[in-house]
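Contents: one structure, followed by commentary.
Everything numeric in this text was worked out from a predicted model, so none of it was measured.
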Amino acid sequence: MPRFTLSRYWNLLLLASVAAAPLLGPACSPPSAATPQQELAAPEPRSITVVGEKALLHLVHPHLVQGGTAGFLAHLTARESGEPIREGSVTLSLGSSSFTANTPQKDGLFVPTGALPSAGTFRAALTIRTPLINETLSLGDLVVHPSLKDAEAAARSSAQALQRDAVPFIMESQWKVKLLLAAAEKRTLADRLSVQACTVIPEDASVEVAAPATGLLVAPQPGRMVKTGEQVGAKQVLARVEPPLSTSEIAQIRSLEMEFDLRALEAARERRAAEARLKFAEIERERVVKLQPEGLSTKKQLEQAEQNLAVARSEHESAVRMSDLVERMIQQRMMGTGGRATAPVQIAVEAPFAGVVVDVHAVAGASIESGQPICKIVDPARLWVEAKVPELDLARAIAGSPAFATFIGAPGEKFQLAGVAGGLPYVSHEVEQSTRTVLYRYQLDNLQRRLQAGMVGEVQIVAGAREVAVAIPAEAVLREHGVASAYVMVDGELYQRRELVLGLSDGGWVEIIQGIRAGEYVASRGAHAVRLAALTPASFGEGHSH
């Protein structure tokens, strides 16, 4: 128990009573020789700390004497946030008696007060009712002494000296840093092997797009040459290469074009002839139909006219389709050659896969050799993570075990890794001589583009799991000059530094082999503030602000 002086307790109770004079009444006035409460003031006050599921209680009260009026200073903290409880009510039950404080005197401080009519040992509890917390905390047995003499004797027998390494850290200071407590408990932890790693571009996710032939590099039609940073799709035409032509090749091309033009003229002539035949067949059928009512044409003549009309329609449709096809080919040729009669031969250069252009080596209008790079394309949606596993840890680094990666450039994020083939990582077949490590290669989904090639980080390979007797959050472990330690709460406003022997580490939890027992509570968030309090105890442990 911290060194909680008599004057300090009365200062707390009297200051709290300023806003609650109707509740406390004369019994909370400064003690006088004639009041039972002065008799109650002599023994050193007691403190009780209870860690509930949702609330932390640090209760300070005097040694209880029959016939007196006792005020209980209940400091209440919301465990989820580390902040003081600022609203609601509390009821302290003591046997058949109950004392209620309907509002806090200050943030986090409730003062239920009442008379003590009978001596004895009574079961006590504190019930908290707020919009977010409804919890009853057991206080164990409290003794109401029959006289001040009995209370003084009990105080002397239960008094404990302040531990030499105790760190006073009052509730007000804890609320300022929103200190959180964590229970040291049995837990199943994964055995993780942590090794250095970096990201690299997969072999099939980076390509230098080269010219397929020697010639003039021209922009695709329609369009322009791609630029660095542009996203391109698979099979997208990036550029065209126009090989140089000899005189004989140009003459051959022109001969083919002349033949094409002659075929176009023939198709047009055939279309006009088909249109004439169709018109004649329609007129002939109409004439036969008109003569039939007068008996001047036969049924056979009508059938023959309809057959001729059907044949003429079919021939006309074929001629129209052929003529339209030739016309479209002429238009496409003219568009592809910019209106020139002679179309140059151009070879399209396509992107082999979707990705981003990261470098451009040649521009439109440049002469280019076959195999000369035009641009470089990278698919940033896929990355490899290459880990270097020490030779001594190969037995723990099971290839099929789950693996995760973290990177300096992506703090707070954890990335699940996949195998590069068949669900398994690629494992090198030789040990690198200079580092005595073996290469493990994993695949990483980078669709959100959060990572880049060349980033360094750490790969954790799950090597198994086991149950440990005591584990605490990793943030509760402090390191000072290479020594691991944590601060254990021994009373609501008193902490003790413990040096630790650490075992298995699993992400946010650490096994404690020595230094903390299961069931004890350690400072997790805000542990550094407790350490500062240990260095300057006068700044954190003296007096309350209420």
* From CA spacing to verdict: side chain to side chain contact (heavy atoms under 4.5 Å, CB included), His61, Leu142 -> CA-CA 11 Å; His61 69 88; Leu142 295 185; 4.1 Å; yes

* Aromatic rings Phe72 and Phe99: how do their planes relate, parallel, tilted or perpendicular, breaks at 30° and 60°? -> parallel

* Is there side-chain contact between Val232 and Val226, with at least one heavy-atom pair below 4.5 Å? -> yes

* Evaluation steps, salt bridge (Lys or Arg N to Asp or Glu O under 4.0 Å), between Glu230 and Lys227 -> CA-CA 6 Å; Glu230 286 189 10; Lys227 296 181 180 180; 5.9 Å; no

* Asked: Given side chains that start at C-beta, do those of Val530 and Leu179 come closer than 4.5 Å, heavy atoms only?
  -> yes

* To do: Decide side chain to side chain contact (heavy atoms under 4.5 Å, CB included) for Arg466 and Thr188; before the verdict, give the C-alpha distance in whole Å, the side-chain angles of both, and the deciding distance to 0.1 Å.
  => CA-CA 5 Å; Arg466 60 183 175 85; Thr188 299; over 6 Å; no

* Note, Val389 side chain near Ile461 side chain (heavy atom, < 4.5 Å) -> yes

* Structure fact -> In short, Gly515 meets Arg498 closest at the heavy-atom pair O-NH1, 2.9 Å

* Asked: Is any side-chain heavy atom of Leu59 closer than 4.5 Å to a side-chain heavy atom of Val50?
  -> no

Let me check something: any side-chain donor-acceptor pairs from residues 434-442 under 3.5 Å, sequence neighbours excluded? List them with distances.
unit_1, atom_1, unit_2, atom_2, d
Ser434, OG, Glu432, OE2, 3.2
Thr435, OG1, Thr437, OG1, 2.6
Arg436, NE, Glu391, OE1, 3.1
Arg436, NH1, Gln433, OE1, 2.9
Arg436, NH2, Glu391, OE1, 3.0
Arg436, NH2, Glu391, OE2, 3.4
Tyr440, OH, Ala397, O, 2.9
Arg441, NE, Glu386, OE2, 2.9
Arg441, NH2, Glu386, OE2, 2.9

* To do: Apply the test salt bridge (Lys or Arg N to Asp or Glu O under 4.0 Å) to residues Asp506 and Arg187: give CA-CA distance (whole Å), side-chain angles for both, the deciding distance (0.1 Å), then the verdict.
  => CA-CA 10 Å; Asp506 179 11; Arg187 198 175 186 91; over 6 Å; no

* **Close side-chain approach of Asn134 to Ile128, heavy-atom, < 4.5 Å** => no

* To do: Please report the C-alpha distance between Ser47 and Asp491 in whole Å, then the side-chain angles of each, then the deciding distance to 0.1 Å, and finally whether the side chain to side chain contact (heavy atoms under 4.5 Å, CB included) criterion is met.
  => CA-CA 8 Å; Ser47 68; Asp491 187 74; 3.1 Å; yes

* Would you please say whether a donor-acceptor pair under 3.5 Å links the side chains of Ser206 and Asp379? => no

* Can you measure from CD (Glu413) to CZ (Phe407) and round to the nearest 0.5 angstrom? => 10.5 Å

* To do: Step by step, work out the salt bridge (Lys or Arg N to Asp or Glu O under 4.0 Å) result for Lys414 and Glu458.
  => CA-CA 10 Å; Lys414 181 183 288 186; Glu458 183 179 77; over 6 Å; no

* Side-chain donor-acceptor contact under 3.5 Å, Ser93 with Ser98 -> no

* Asked: Would the number of heavy atoms belonging to other residues, nucleotides or ligands and lying under 6.0 Å from CD of Glu467 be above 12?
  -> yes

* To do: Apply side chain to side chain contact (heavy atoms under 4.5 Å, CB included) to Ile512 and Val501, showing your working.
  => CA-CA 6 Å; Ile512 305 301; Val501 177; over 6 Å; no

* Check the side chains of Thr77 and Trp175 for a donor-acceptor pair under 3.5 angstrom, ignoring hydrogens and angles. => yes

* **Gln460 side chain to Phe404 backbone, donor-acceptor under 3.5 Å** => no

* To do: Test Arg396 against Asp191 for salt bridge (Lys or Arg N to Asp or Glu O under 4.0 Å), laying out the working first.
  => CA-CA 9 Å; Arg396 296 174 61 201; Asp191 180 12; 2.7 Å; yes

* Asked: Can you tell if the side chain of Arg86 reaches within under 4.5 Å of the side chain of Pro84, non-hydrogen atoms only?
  -> yes

* Would you tell me whether Thr100 and Thr91 have side-chain atoms, one donor and one acceptor, within less than 3.5 Å of each other? => yes

* Asked: Do Val488 and Tyr495 come close enough that some side-chain heavy atom pair is under 4.5 Å?
  -> no

